[in-house]
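What you see below is based on every heavy atom in this structure, not just the backbone, and it leaves out hydrogens, waters and symmetry mates. Convention: sequence-line order gives letters A, B, ...; per-chain numbering from 1. Keep in mind it's a predicted model, so treat the numbers as computed, not measured.
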Amino acid sequence: MNPIQTLIKELADVHGRRRESILPILQGVVEQEKYLSEDSMVEIAREIDIPASDVYGTATFYSFLEAKKMGKYVIRVCKTITCSMKGKNQVLLTIQEMLKIKLGDTTPDKRFTILETNCLGWCHKAPAMLINDEVYTELTPEKVREILSSYMKKNGQI
Amino acid sequence: MSKKVNLIINGLPVEVQHGTTILDAAKELGITIPTLCFHKDLCVAGNCRVCVVEVAGQRRLSAACATPCDEGMEILTNSLKVRSSRKHIIELLLSEHNADCTKCYRNGNCELQEISSEYKIMTQDFIELVPFKHYSIDAYSPSIMKDDSKCIRCQRCVRTCSELQGVNALTVAHKGDKMKITTFFEKSMRDVVCTNCGQCVNHCPTGALVEKNYIEDVWDAIANPKKHVVVQTAPAVRVGLGEELGFPPGSRVTGKLVAALKRLGFDSVLDTDFSADLTIVEEGTELLTRLKKALVDKDDTVKLPMATSCSPGWIKYIEHMYPEYLGHLSTCKSPQQMFGALVKTYYAKARNLDPADIVSVSIMPCTAKKFEAWRPEMHDSGYRDVDYVLTTRELAILIKQAGLDFDKLEEARYDRLMGDSTGAGVIFGATGGVMEAALRTAYEIVTGREVPFKNLDIMPVRGMEGIREAVIKIENPVKEWAFLDGVELKCAVAHGLVNAKKVMDAVKSGKADYHFIEFMACPGGCLGGGGQPIPTNPEIRQKRMNAIYAEDKSMKVRKSHENPEIIKLYKDFLKEPLGEKSHQLLHTKYTKRDRF
């Protein structure tokens, strides 16, 4: 068994092998892998004996279950109205400028991915973004530069 | 105990069974409520909303297809509020639909087109969304084309693929405005578990799912004077074609069908029923050989139950879902492919034709046959055995294009050499038919007597029940088959892949001890095939089935092994069933495929 198969088997042992087990298993895989590959979805389908198309349908319905390869740090900028009004575009432009990639892309070194997300529930401290599970609020271009620089340094890169 | 409820629809009182939907109650009063996502074959979805009606006392409109009647309900199906909402709903659907009707394959037989025409949608009040969506067409499958720009997301295809067929090749993915009907990882229909059965095509209300058509290719072949174009027609086509050409469901149009094909310019009009008879002789012999090996030689490598192999949708299904059971499939090719292999060998020789100059066309009630003809292993004649497969619907298009007045055509007979058939061949078109035809022949080979059923009608294997079983006891067999004396031959019939799954699971778990199982991918068998006229629903299938059995009854010869052309074929060419030539031309092998 390859590591993905082992992971999915362990997740199924914990969450069960019923239809309703799809979601926690998908989340478990994303937690480890950052995204759901074709192989892992096939493996989930096999493990709990449901059609692969159903796994795909479920995964694509939910946010935060990406089906595309993601970088180590997934940046999600809130795209909803309050954040938009409070300068989300400047935030996004700053990130894109720093990482030299466009929204939806991953840096060639596979470390950062930029995405947009629906409301994070931080409207009172808009604009907001997530980097993996960490939330950053009341963003300004300066603040964003600071935050991103610290992430870049974390990996010994300026 | 069935409770009745009374309600009033448009001022008219009506009493219906408890649980009846408003849609059906209105129908009893002769009131039609328009529908789109609703289909009699499928569970209620209630997502398109065109069937909305006003229920007194409720502010919101209700979907008539999804709302059961209650005692004392007062319903308006055509109030101002209903009309304007319904019109808006249709307009909204159209705003997401590529309404380039004149260039659509379903132009003239599209439920969305019909309903917009009924409601005279002449303006465009909503922003057209199609141009923003960058749709592409999936045309890689040899059987089915999928064009998302025409999809209205009613999910009939998804329900068909899962409820009727248990295949789940199609699914709903993404959400909101990005929601779409797609396959696993949005792959081409060619690269997923799709069995090509075409039930999704038959259930699609618009042109989002259509068959890959080969109409122009066939016209080109006919127009080419160097080519000898041979056409074969499947059993179920003769009881379906009429519906496309103004006849009521269940009309038998065999003679007119032959006449039309001749008028279209085919050089020889032949019958798949002939090779259906041939299939019976080969497959019946194969079954008896397997039984002999199992019972006499005690050969434990023999795979029983033996499963039929005529339905290409079923074949692809078992290749994907139960690849470990491929040894249970009869090695016989389907009648279409047997016919194809013989046309470019036996027929070519007898007619003194170069097989390279023969174009072999088949008219099938089926989209999976297009894939079957395309399979790399189907070249045993040294050429592609069947060049083009047209559905019943495509043939109707050819006939209309040629300007034939189908109704007035004088009935004609199939040409000879591979045009003669029996009642056993024609019942291949109905679920249970292959089983019945096989039993008529096998029983007679073993006992020397006709099957012990009145008029050769083996009623236990007939009908629309999803899974049917029959047991036939063999008594006083002829010397050669003496070992079968007293053996109870256990048979099962399954149609619709969801039923095939049930039977296969029973076989897998050891709960079923059948000897022989007939599987048909489509509900009702070929007569309900994915290439048959749209609409197809339970009533229409029943009518086509009645027509098939009436056709059988009208045939002089009703047992495959008595078909004079089959006897001649063995004498002149094949020599014996399961002989060397048969193995080379009429039998095939199967491919393991991924289930996911």
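- Counting non-hydrogen atoms of other residues, nucleotides and ligands closer than 6.0 Å to OH of B:Y135 gives a total above 12.
- Heavy-atom pairs under 4.5 Å with chain A were tallied for B:K178, B:K175, B:R595, B:M179; the largest tally goes to B:K175.
- Residue A:D133 places its CG atom among 12 or fewer non-hydrogen atoms of other residues, nucleotides or ligands, all under 6.0 Å distant.
- The 12-atom threshold is not exceeded at NZ of A:K86, counting heavy atoms of other residues, nucleotides or ligands nearer than 6.0 Å.
- Identified by a heavy-atom distance below 4.5 Å to chain A, the contributing residues of residues 181-193 of chain B are B:T182, B:T183, B:F184, B:F185, B:E186, B:K187, in residue-number order.
- For A:Q5, the CD atom sits in a packed shell: over 12 heavy atoms of surrounding residues, nucleotides or ligands are nearer than 6.0 Å.
- Taking 4.5 Å as the heavy-atom cut-off, the residues of residues 39-62 of chain A that approach chain B are A:M41, A:V42, A:A45, A:R46, A:D49, A:I50, A:P51, A:A52, A:S53, A:D54, A:Y56, A:G57, A:T60, A:F61, A:Y62, ordered by number.
- Within 6.0 Å of NZ on B:K133 lie more than 12 heavy atoms contributed by other residues, nucleotides or ligands.
- Other residues, nucleotides and ligands contribute over 12 non-hydrogen atoms within 6.0 Å of the CD atom of A:E138.
- The neighbour count for A:L93 CG, taken as heavy atoms of other residues, nucleotides or ligands under 6.0 Å away, is above 12.
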